[in-house]
Amino acid sequence: MSPRTAALRDLLPRRSDYDLRPRTLRADLLAGVTVGVVALPLALAFGVSSGIGAAAGLVTAVVAGVVAAVLGGSHHQVSGPTGAMAVVLAPVVATHGPGSVALVTVLAGVVVLVAGVARLGRVVTYVPWPVVEGFTLGIACIIFLQQVPAAVGVPADPGHNTLVTALAALGTAASAGTLAPALWALGCVALVAVTMLLLPRLHPGIPASLVAVVLVTVLVEAVGAPVARIGALPASLPAPVLPSVTPGALRELGGAALAIAALAAIESLLSARVAASMAQAGSPGGSVYLPDRELVGQGLASVASGLFGGMPATGAIARTAVNVRSGARTRLAAVVHALVILAVIYLATGPVSRIPLAALAGVLMVTSLRMTSARTARAVLGAGRSSAATFAVTAFVTVAFDLVQAIEIGVVVAAFFALRAVARASGVHRDPLPGPAQPGDEHVALFRLEGSMFFGAAERVLTEVTDASVHDDVVVVVLRLSQLRMVDATGAKALGELVEGLEARGVTVLVKGVQERHRALLTNVGALAELRHENHLFDSLDAAVEHARSHVRRAAQGTDVPQVRGLRPSA
């Protein structure tokens with residue numbers, strides 16, 4: 001098998017994606033049903049908040065949910081419409097109209113698909129751990145805040161900033177003429193939470209969230225409680241239609257498609273990564289994900305969703321978390337979740353329409369609290385100030401602003417602290433000359449450069465060596481470069497300026513230990529060309545020091561260099 005064929009097979013479905021043993025099959029079916037019930041109102045709400053209607057949310061949950069589950073790279077990922085995507089999509093609908101969504105969805109899907117084929121999925125592995133945990137905490141907060149309106153019996157649009165929406169909902173509930181709806185809704189949330197927390201202690205195999213939803217629905221119906229329900233559902237799904245593609249439409253929607261594709265890729269990959277971590281925590285060694293295949297699956301899912309009139313698909317961390325916590329073993333659970341939604345649309349709209357939104361809010365609130373453990377948070381915060389700051393900034397930006405911006409800002413903050421740490425670990429040290437002391441050694445300065453000679457440390461190293469050389473009656477400087485791990489263009493240029501400046505002051509510079517991997521860069525920027533003589537480049541420290549001492553002797557005798565800062569020729 002050729003390497004190209006093997007690489008292509010890594011992006012395709014395989015038999016090992018499924019485990020059809022009775023116990024695993026039962027777990028996947030129960031998890032899929034649970035996630036389907038939770039996902040149904042979210043799909044409707046996100047479709048409406050995006051501006052293209054509830055049917056679009058259902059199409060995305062069903063079509064994209066199946067395609068991403070079968071072709072994606074995660075065993076536990078559940079894909080569909082998300083609140084972040086609805087927020088990004090709403091301005092596109094407002095500017096270009098609902099008819100533009102199909103094309104922008106297909107274009108974004110193609111971009112994500114190409115990124116997967118180009119093997120760009122591993123980019124997410126470069127996202128630092130504090131950023132991932134901060135993003136996860138932020139998502140957990142968003143999930144919790146999204147449920148606050150339903151938890152207090154107040155209708156709200158999920159497409160707006162969740163923190164503002166949650167605060168507004170609390171204010172509306174507090175200022176209402178009667179607290180009965182809010183108390184009934186809070187009672188539903190409390191009963192769901194208690195049920196989900198207690199049932200697993202009785203038996204871990206009980207689908208606690210599904211039982212909790214059914215229990216609350218039956219009790220609410222029995223007493224006729226005044227709580228909001230899911231409500232009427234669309235009677236059918238639209239037929240697939242190929243969107244119209246024109247050069248003008250491509251120019252207008254190209255930028256939006258790229259932004260949507262970036263969000264879809266980042267959200268899906270991080271969601272898959274978080275899902276794998278959650279699954280491994282519950283069952284050690286139980287889950288991995290293939291990032292390139294995940295991008296291929298998500299790209300094809302968005303393409304399929306767009307053809308059916310849906311919206312762009314991403315990995316949905318809320319539904320994925322419910323999936324993992326409900327005991328899903330394979331991707332069959334995600335397929336079942338989509339089929340449940342499809343079956344509900346055609347077969348069970350009546351009973352499902354009576355489910356209280358507060359019950360589903362309780363499920364997601366409990367799920368959000370389980371997403372980031374206190375142990376993980378303590379570990380991140382205890383890893384140092386830089387990790388704690390990165391974690392906190394990422395979580396804050398995720399909640400207060402935008403998901404993509406949160407990742408970008410988190411990575412920038414982490415990179416800043418990493419560069420600062422590398423710069424602090426890089427430096428210059430003046431070492432004693434090897435061997436027995438000899439007359440004139442005080443005029444030889446041996447500097448050991450270690451760490452990284454890069455833009456963050458170059459100026460400091462240049463200043464320290466220059467100051468020590470100028471003020472200490474130094475005749476010869478030996479630069480020991482063998483312990484430099486990395487040299488960038490700025491560092492190489494600074495070395496050249498250092499040599500040039502010292503030589504201009506009459507100080508002879510010898511260089512020892514240039515590593516082969518750094519030689520080409522130092523040569524190309526002209527750093528080595530600044531040496532007075534090509535023989536001033538050494539591989540041996542002893543040879544370099546001996547050459548430096550000979551320079552000092554000749555200077556003292558007046559046979560080599562001019563008199564330098566008080567060094568007089570011998571009589």
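Nothing here was measured: the structure is a model prediction, and the numbers come from that model.
- In terms of heavy-atom proximity, Tyr289 sits nearest to Ala276 at CD2-CB, 4.0 Å.
- Here the closest non-hydrogen pair linking Leu295 and Leu120 is CD1-C, 4.2 Å.
- Residue Asp539 places its CG atom among 12 or fewer non-hydrogen atoms of other residues, nucleotides or ligands, all under 6.0 Å distant.
- Partners of His547 according to the ring-ring contact (aromatic ring centres under 6.0 Å, His included) rule, which considers only residues two or more places apart in sequence or in another chain, are His536, Phe538, His551.
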Side-chain polar contacts of residues 447-459 - donor-acceptor pairs under 3.5 angstrom, sequence neighbours left out - could you list them?
from, atom 1, to, atom 2, distance (Å)
Arg448, NE, Asp431, OD2, 2.7
Arg448, NH1, Glu450, OE1, 2.8
Arg448, NH2, Asp431, OD1, 3.2
Glu450, OE2, His429, NE2, 2.7

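- Applying the side chain to side chain donor-acceptor pair (under 3.5 Å) test to Ser368 and every residue at least two apart in sequence or in another chain returns nothing.
- Taking the side chain to side chain contact (heavy atoms under 4.5 Å, CB included) definition, one finds that Leu113 meets it with Val117, Val296, Leu300, sequence neighbours left out.
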Quick one: side chains of residues 246-268, donor-acceptor pairs under 3.5 Å with protein atoms, not counting sequence neighbours, listed by atom name and distance.
from, atom 1, to, atom 2, distance (Å)
Thr246, OG1, Ala249, N, 3.1
Glu267, OE1, Thr314, OG1, 3.4
Ser268, OG, Ala264, O, 2.6
Ser268, OG, Gly315, N, 2.9

Checking side chain to side chain contact (heavy atoms under 4.5 Å, CB included) for the pair Val245/Val106: CA distance, chi angles, key distance, verdict? CA-CA 10 Å; Val245 182; Val106 172; over 6 Å; no

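- Residues passing the side chain to side chain contact (heavy atoms under 4.5 Å, CB included) test with Asp292 are Leu11, Arg119, sequence neighbours excluded.
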Does the side chain to side chain contact (heavy atoms under 4.5 Å, CB included) test come out yes or no for Val475 and Thr508, once each step is laid out? CA-CA 6 Å; Val475 175; Thr508 299; 5.5 Å; no

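- For Ser540, the side chain to side chain contact (heavy atoms under 4.5 Å, CB included) test picks out Asp542, Ala543, with sequence neighbours left out.
- Side-chain contact between Val545 and Pro434: present, with at least one pair of heavy atoms (C-beta onward) separated by less than 4.5 Å.
- Contacts of Gln515 classified as side chain to side chain donor-acceptor pair (under 3.5 Å), with partners at least two apart in sequence or in another chain: Arg517.
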Determine all donor-acceptor pairs shorter than 3.5 Å in which one atom belongs to a side chain in residues 379-401; sequence neighbours excluded.
from, atom 1, to, atom 2, distance (Å)
Thr390, OG1, Ser386, O, 2.8
Thr394, OG1, Thr390, O, 2.8
Thr398, OG1, Thr394, O, 2.7

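- Side-chain atoms of Arg460 come within 3.5 Å of backbone atoms of Ser426 as a donor-acceptor pair (strictly under, hydrogens ignored).
- Side chain of Asp441 to main chain of Gln438: a donor-acceptor pair is present (N/O by atom type, distance under 3.5 Å, no hydrogens or angles).
- Contact between Leu521 and Ala492 at its shortest, heavy atoms only, is CG-CB, 3.9 Å.
- The backbone N or O of Val78 lies less than 3.5 Å from a partner atom in the side chain of Thr320, making a donor-acceptor pair.
- Remark: the backbone N or O of Val444 is not paired with any side-chain donor or acceptor of Arg549 at under 3.5 angstrom.
- No side-chain heavy atom of Leu495 sits under 4.5 Å from any side-chain heavy atom of Val511.
- Applying the salt bridge (charged side-chain N to carboxylate O under 4.0 Å, His left out) rule to pairs touching residues 486-504 yields Lys493-Glu497, Glu503-Arg532, sequence neighbours excluded.
- Counting heavy atoms from C-beta on, the side chains of Leu269 and Val127 never come closer than 4.5 Å.
- The two atoms that bring Val525 and Leu522 nearest to each other are CG2-O, 3.6 Å, heavy atoms only.
- When all heavy atoms of Ala544 and Lys512 are compared, the closest pair comes out as CB-CB, 4.3 Å.
- Using a 4.5 Å cut-off on side-chain heavy atoms (C-beta onward), Ser100 and Val93 make no contact.
- Not counting sequence neighbours, the partners of Arg519 by the salt bridge (charged side-chain N to carboxylate O under 4.0 Å, His left out) test are Glu516.
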Check step by step if side chain to side chain contact (heavy atoms under 4.5 Å, CB included) holds for Thr60 and Thr105. CA-CA 11 Å; Thr60 308; Thr105 299; over 6 Å; no

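- Residues meeting the side chain to side chain contact (heavy atoms under 4.5 Å, CB included) test with Ala68, sequence neighbours left out: Ser79, Gln298, Ala301.
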Go through the steps to decide whether Leu541 and Leu446 satisfy the test side chain to side chain contact (heavy atoms under 4.5 Å, CB included), and finish with yes or no. CA-CA 10 Å; Leu541 178 61; Leu446 172 60; 3.9 Å; yes

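- Note that the OG atom of Ser74 and the CZ atom of Arg293 stand 10.0 Å from one another [nearest 0.5 Å].
- Nearest heavy atoms, Gln77 versus Ser271: OE1-OG, 2.6 Å.
- At a threshold of 4.5 Å between non-hydrogen side-chain atoms, the residues Thr82 and Arg319 count as touching.
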